[in-house]
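What follows is a structure written as structure tokens; I'll ask about it next.
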Amino acid sequence: MVFEQWGVRQWQANEYKDRVQVPEELLDSGDCSLVIRDVQMDDTGKYESFMMVDRDRSRKTRVFIQGVKLSVTNHKSHETRRVGGDLVLDLRTRLSERVVFQSRENSSAWTDVWMRNDKDGQRLEKHPIKEQLTIKNLKSSDAGTYQVLDEHGRAISSVRLSVEGFSETDVFRDAGVRSSSASLLVCFALVASFHVQLQS
């Protein structure tokens, strides 16, 4: 049982607490549709509505009104940002518990990025009212997949992030690789030259 109403009295199942209602203005016109807000993955299933009708003074009969099959899927998107920009992750619901990240460089490991009730960090900021998490000053290493999970570890949304451009770290790392390659080339040239002199 999800929701029951007897006159002005109402009952809601714990997992639907404060998320379901039958709008009074619709009920007055004979429409007893149930509205589910902040839909969760666990809400997937078949819903049936009934009305209790008096048959006589001693008994009531349950009359079927309608059935609805609800499928809930997670949100998937692809975002592209520039190095130094910000990514705003939509947490979708107040029941989202954490955000995990899978790097493009390591496609098997997931790491925790944020958990509900975490304090804001230098690069992470949770909006005080909206269910949004901002990752600031993006680096190329932030490219990968972000998943927003509920308390049971099920994905509410997935965002695949591409980061364009180079950060200072990338420039220095690239310069270091070029410098190492140049050093190896010079070393090879010296050894080759020394080897030629010995032979002559």
Side-chain angles (χ1 to χ4, degrees), residues 1-4 10-23 33-49 66-167 169-170 173:
M1 194 66 74
V2 173
F3 176 89
E4 284 187 284
Q10 293 183 353
W11 177 88
Q12 300 174 11
N14 286 334
E15 54 269 41
Y16 293 90
K17 197 72 175 171
D18 299 325
R19 295 197 298 121
V20 292
Q21 73 170 130
V22 175
S33 298
L34 180 72
V35 177
I36 305 176
R37 296 186 304 274
D38 198 7
V39 172
Q40 306 298 312
M41 298 298 286
D42 278 345
D43 294 342
T44 295
K46 186 176 181 181
Y47 293 81
E48 294 182 336
S49 57
Q66 71 171 355
V68 175
K69 189 173 182 181
L70 173 66
S71 295
V72 182
T73 57
N74 68 338
H75 303 265
K76 293 183 180 180
S77 64
H78 181 262
E79 303 285 342
T80 302
R81 296 289 186 275
R82 299 286 301 172
V83 165
D86 295 345
L87 172 68
V88 178
L89 282 174
D90 194 340
L91 301 175
R92 303 285 174 185
T93 168
R94 58 188 171 81
L95 299 178
S96 55
E97 282 296 314
R98 64 187 180 130
V99 174
V100 294
F101 171 68
Q102 186 182 61
S103 170
R104 282 189 173 177
E105 297 173 1
N106 185 353
S107 59
S108 60
W110 289 91
T111 56
D112 284 333
V113 172
W114 171 87
M115 294 190 73
R116 190 162 291 279
N117 299 324
D118 278 357
K119 292 183 178 178
D120 289 345
Q122 189 173 358
R123 296 184 58 222
L124 284 176
E125 184 178 283
K126 165 71 172 65
H127 193 282
I129 300 170
K130 297 178 182 177
E131 291 300 327
Q132 291 178 340
L133 180 71
T134 301
I135 303 174
K136 298 186 274 189
N137 191 22
L138 289 170
K139 304 174 182 176
S140 57
S141 58
D142 292 326
T145 303
Y146 294 83
Q147 284 194 340
V148 179
L149 307 179
D150 65 13
E151 61 180 339
H152 303 293
R154 286 183 292 255
I156 295 170
S157 68
S158 301
V159 176
R160 196 154 52 97
L161 174 67
S162 298
V163 181
E164 297 178 339
F166 293 96
S167 61
T169 305
D170 296 325
R173 184 173 59 201

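Just so it is clear, the values below take in all heavy atoms, side chains as well, and ignore hydrogens, waters and symmetry mates. Every value quoted in this text rests on a predicted model; they were computed, and no experiment measured them. The chain is numbered in sequence order, starting from 1.
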**Message:** Is the shortest side-chain heavy-atom distance between W114 and V100 below 4.5 Å?
**Reply:**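 Not touching, per the 4.5 Å side-chain cut-off.
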**Message:** Other residues, nucleotides and ligands only: do more than 12 of their heavy atoms fall within 6.0 Å of NZ on K136?
**Reply:**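 Atom NZ in K136 is crowded, with more than 12 foreign heavy atoms closer than 6.0 Å.
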**Message:** Any side-chain to backbone donor/acceptor pair from E125 onto I135? Under 3.5 Å, distance only.
**Reply:**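 No: the side chain of E125 does not pair with the backbone of I135.
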**Request:** Please identify each residue that fulfils side-chain contact (heavy atoms from CB on, under 4.5 Å) with V68, with sequence neighbours left out.
**Result:**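 Per chain and number, V68 pairs via side-chain contact (heavy atoms from CB on, under 4.5 Å) with Q66.
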**Prompt:** Counting N and O atoms only, with roles assigned by atom type, does the side chain of K126 sit under 3.5 Å from a partner on the main chain of K130, one being a donor and the other an acceptor?
**Reply:**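 Yes; at least one donor-acceptor contact below 3.5 Å.
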**Item:** Test side-chain hydrogen bond (donor to acceptor under 3.5 Å, both in side chains) applied to R37 - qualifying residues, sequence neighbours left out
**Value:**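 R37 satisfies side-chain hydrogen bond (donor to acceptor under 3.5 Å, both in side chains) with Q21 once adjacent residues are dropped.
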**Asked** Residues in side-chain hydrogen bond (donor to acceptor under 3.5 Å, both in side chains) with D38, at least two apart?
**Response**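 Here the qualifying residues are Q40, T93.
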**Message:** Please find the pair of heavy atoms, one from I36 and one from D43, that lie closest to each other, and give the distance.
**Reply:**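 Heavy atoms only, the tightest pair is CG2-OD2, 4.0 Å.
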**Request:** State which residues pass salt bridge (charged side-chain N to carboxylate O under 4.0 Å, His left out) with R123; sequence neighbours excluded, sorted by chain then number.
**Result:**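 Applying salt bridge (charged side-chain N to carboxylate O under 4.0 Å, His left out) to R123 gives D142.
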**Prompt:** What residues, two or more places apart in sequence or in another chain, satisfy ring pair (Phe, Tyr, Trp, His ring centres under 6.0 Å) together with F101?
**Reply:**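 Expected list: Y146.
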**Message:** Just to verify, what does E151 make a side-chain hydrogen bond (donor to acceptor under 3.5 Å, both in side chains) with, not counting sequence neighbours?
**Reply:**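 Not a single residue meets the side-chain hydrogen bond (donor to acceptor under 3.5 Å, both in side chains) criterion with E151.
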**Asked** Any side-chain heavy-atom pair from R98 and D112 closer than 4.5 angstrom?
**Response**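 Side chain of R98 against side chain of D112, heavy atoms only: contact under 4.5 Å found.
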**Message:** Using the side-chain contact (heavy atoms from CB on, under 4.5 Å) criterion, which residues pair with Q122? Sequence neighbours excluded.
**Reply:**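 By the side-chain contact (heavy atoms from CB on, under 4.5 Å) rule, Q122 matches no residue at all.
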**Request:** Compare all side-chain heavy atoms of V22 with those of V35 and state whether any distance is below 4.5 angstrom.
**Result:**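 No, their side chains stay 4.5 Å or more apart.
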**Request:** Say whether T145 and R104, considering side chains only, have a donor N or O and an acceptor N or O under 3.5 Å apart.
**Result:**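 Judged by distance alone, the side chains do not pair up.
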**Request:** For the pair V88 and L133, evaluate side chain to side chain contact (heavy atoms under 4.5 Å, CB included) and give the outcome as yes or no after the intermediate values.
**Result:** CA-CA 6 Å; V88 178; L133 180 71; over 6 Å; no
**Prompt:** Minimum heavy-atom separation for S33 to P23, with atom names?
**Reply:**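 The pair with the smallest heavy-atom distance is O-CD, 3.7 Å.
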**Item:** Test item: V99 and V148 side chains (from C-beta on) under 4.5 Å apart, heavy atoms
**Value:**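 Yes, their side chains come closer than 4.5 Å.
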**Prompt:** To the nearest 0.5 Å, how far apart are CD in Q12 and CG in D18?
**Reply:**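 Separation between the atoms: 6.0 Å.
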**Message:** If I take atom CZ from residue F3 and atom OH from residue Y16, how far apart are they, to the nearest 0.5 angstrom?
**Reply:**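 It is 13.0 Å, given to the nearest 0.5 Å.
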**Asked** By salt bridge (charged side-chain N to carboxylate O under 4.0 Å, His left out), which residues pair with K17, not counting sequence neighbours?
**Response**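 Salt bridge (charged side-chain N to carboxylate O under 4.0 Å, His left out) check on K17 returns nothing, list empty.
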**Item:** With sequence neighbours excluded, residues passing salt bridge (charged side-chain N to carboxylate O under 4.0 Å, His left out) with E79
**Value:**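 In terms of salt bridge (charged side-chain N to carboxylate O under 4.0 Å, His left out), with neighbours along the sequence ignored, E79 is linked to R81.
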**Asked** Between atom CG of D120 and atom NE2 of H127, what is the distance when rounded to the nearest 0.5 Å?
**Response**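 One gets 11.0 Å once the value is rounded to the nearest 0.5 Å.
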**Item:** Pairs satisfying ring-ring contact (aromatic ring centres under 6.0 Å, His included), at least one member in residues 70-97, at least two apart
**Value:**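 Every candidate ring-ring contact (aromatic ring centres under 6.0 Å, His included) pair involving residues 70-97 fails, so no pair, neighbours aside, qualifies.
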**Asked** How many angstroms lie between CE in M41 and CG in L95, if you round to the nearest 0.5 Å?
**Response**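 Between M41 CE and L95 CG, I get 13.0 Å after rounding to 0.5 Å.
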**All side-chain hydrogen bond (donor to acceptor under 3.5 Å, both in side chains) counterparts of D42, not counting sequence neighbours** =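 Testing D42 for side-chain hydrogen bond (donor to acceptor under 3.5 Å, both in side chains), a comparison that skips the adjacent residues, returns R154.
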**Request:** Give the intermediate values and the outcome of side chain to side chain contact (heavy atoms under 4.5 Å, CB included) for residues L124 and T134.
**Result:** CA-CA 6 Å; L124 284 176; T134 301; over 6 Å; no
**Message:** A side-chain contact here means heavy atoms from C-beta on lying under 4.5 Å apart; do L87 and L138 qualify?
**Reply:**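 Yes - at least one pair of side-chain heavy atoms lies under 4.5 Å apart.
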**Message:** Applying side chain to side chain contact (heavy atoms under 4.5 Å, CB included) to S157 and Q147, what does each step give before you reach the verdict?
**Reply:** CA-CA 6 Å; S157 68; Q147 284 194 340; over 6 Å; no
**Asked** Going by heavy atoms in the side chains, are E97 and D150 under 4.5 Å from each other?
**Response**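 No, their side chains stay 4.5 Å or more apart.
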**Request:** Give a yes-or-no answer on whether the side chains of S96 and R116 include a donor-acceptor pair shorter than 3.5 Å.
**Result:**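 Side-chain D/A pair, S96 to R116: present.
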**Message:** With heavy-atom distances below 4.5 Å as the criterion, would you say the side chains of E164 and T80 are in contact?
**Reply:**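 A side-chain contact under 4.5 Å exists here.
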**Prompt:** Does the side chain of N74 come within less than 4.5 Å of S158's, by heavy atoms?
**Reply:**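 S158 vs N74: side chains touch.
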**Prompt:** What residues form a salt bridge (charged side-chain N to carboxylate O under 4.0 Å, His left out) with D90, not counting sequence neighbours?
**Reply:**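 Checked D90 against salt bridge (charged side-chain N to carboxylate O under 4.0 Å, His left out); matches are R92.
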